[in-house]
Number of protein chains: 2
Amino acid sequence: MKIGELARETGLAPSRIRYYESLGLIGAVERRLNGYRSYPRETAQLLRIITGTQRAGFSLDEIRSLLPQKSGAGWDRPKLLTGLKQKLADLAALQASLAATQADLEFLIARIESSPPDGDCFDNAQAVLDDVSQRQPAISNA
Amino acid sequence: MKIGELARETGLAPSRIRYYESLGLIGAVERRLNGYRSYPRETAQLLRIITGTQRAGFSLDEIRSLLPQKSGAGWDRPKLLTGLKQKLADLAALQASLAATQADLEFLIARIESSPPDGDCFDNAQAVLDDVSQRQPAISNA
DNA sequence: CCTAAGGTTAAAGTGAACTTGAAGGTCAAG
DNA sequence: CTTGACCTTCAAGTTCACTTTAACCTTAGG
């Protein structure tokens, strides 16, 4: 699989894929005789995992630390497990924070929908904002 | 409340708070006679909402479009509601994607923990990676 | 053979989100 | 009345995550 095909399959720009490789996120890529990169099928999944983890709030540096290098000398299993479990905890925290944000949004929407249909001016806006502000901490901030 | 106190309370740098103001995220801030900014108590909550929404994957530009400007001429209620509901949908999608990532991680951890304690070398790593790659799409990519 | 589409590298450019620096004003304590 | 902590503005600097550009090579098709 050439880089263009992989790009089409994942929706990522070829430049982005090469960039990830340059950061060590993809490991060593096989080359054809002409110098073209040749990817195994799994790379698409790997890229999806990378972008997904990214959207979950992890930096590319953090992601690299999680991904085992195919080309590496070997794994440090305990270290890897610790890292993975840490990320799992992070993920849970992020999800909680997301849920809180979602609750905030839902509350805000309900408040607006149930407010008097005629009075849509400044005071109303202020009241809604105040209501939202009054709610519990909701979001745990790093 | 002066900017330093607000900074301490929220854990944000004063420069960051001024930056948000410059982007129109905080609206008009009251000033004392000496020119110092003076914040009402709610601002801390507002900042927490901003950072939380940010962590949920929204840009400051998007966040501004969601936040009503206290100083603005008025609200466009239908437009606001549409925007909020769109964000809610986005949030749900992001949560689903997070859950999938979490499932991936849990699967990976289980796989590593149950693998032969002696064979912790390259082949093992490759097998784990392949297993993970084989799982369902898991992450919906933008 | 020529062309168009796609591949290669290295280096420079971009946009978002901040931070830092310079140069200065304010204020309470000693 | 000076010192230190805090405030002000504005411009410039930084980091991250890419993209774009330039110069060049490869391959398939008419």
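Order of the sequence lines sets the chain letters (A, B, ...), proteins ahead of strands, with each chain counted from 1.
- Look at OH on Tyr36(B): it is 16 Å from P on dG24(C), rounded to the nearest Å.
- In this structure, CG of Leu6(A) is placed 15 Å from P of dG6(C), rounded to the nearest angstrom.
- Using a 4.0 Å heavy-atom cutoff across all strands shown, Arg18(B) reaches at least one base atom of the nucleic acid.
- Residues Arg37(A) and Lys2(A) are not in side-chain contact: their nearest non-hydrogen atoms beyond the backbone lie 4.5 Å or more apart.
- Using modelled atom types, no side-chain atom of Gln45(A) and backbone atom of Glu42(A) make a donor-acceptor pair closer than 3.5 Å.
- Scanning DNA chain D 5' to 3' for nucleotides with an atom closer than 4.0 angstrom to a non-hydrogen atom of chain B gives a first and last hit of dC6(D) to dT9(D).
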Next item on the list: Quick one, give me the B/S/- string for nucleotides 16-21 of chain C, reading 5' to 3', where B means a protein heavy atom under 4.0 Å from the base and S means that only happens at the primed atoms, P, OP1 or OP2.
Entry: -BBSB-

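- Under the 4.5 Å side-chain criterion, counting only non-hydrogen atoms from C-beta, Glu9(A) is in contact with Arg48(A).
- No donor-acceptor distance shorter than 3.5 angstrom exists from the side chain of Arg32(A) to the backbone of Tyr36(A), with no hydrogens or angles considered.
- The closest side-chain heavy-atom distance from Met1(B) to Arg41(B) is not below 4.5 Å.
- Arg16(B) pairs in a side chain to side chain contact (heavy atoms under 4.5 Å, CB included) with only one of the listed residues (Thr10(B), Thr51(B), Leu47(B)), which is Thr51(B).
- Listed nucleotides dG25(C), dG7(C), dT9(C) differ in distance to Arg31(A); the shortest reach to its side chain belongs to dT9(C).
- Ile3(A) pairs in a side chain to side chain contact (heavy atoms under 4.5 Å, CB included) with only one of the listed residues (Val29(A), Leu12(A), Ile17(A)), which is Ile17(A).
- Annotation: the span from Glu21(A) atom CD to Tyr39(A) atom OH amounts to 5.0 Å, rounded to 0.5 Å.
- Using a 4.0 Å heavy-atom cutoff across all strands shown, Arg32(B) reaches no nucleic acid atom at all.
- Protein atom CZ of Arg37(A) is 10 Å distant from nucleotide atom P of dG7(C), rounded to whole Å.
- For the pair Leu33(A) CG and dG7(C) P, the interatomic distance rounds to 17 Å; values are reported in whole Å.
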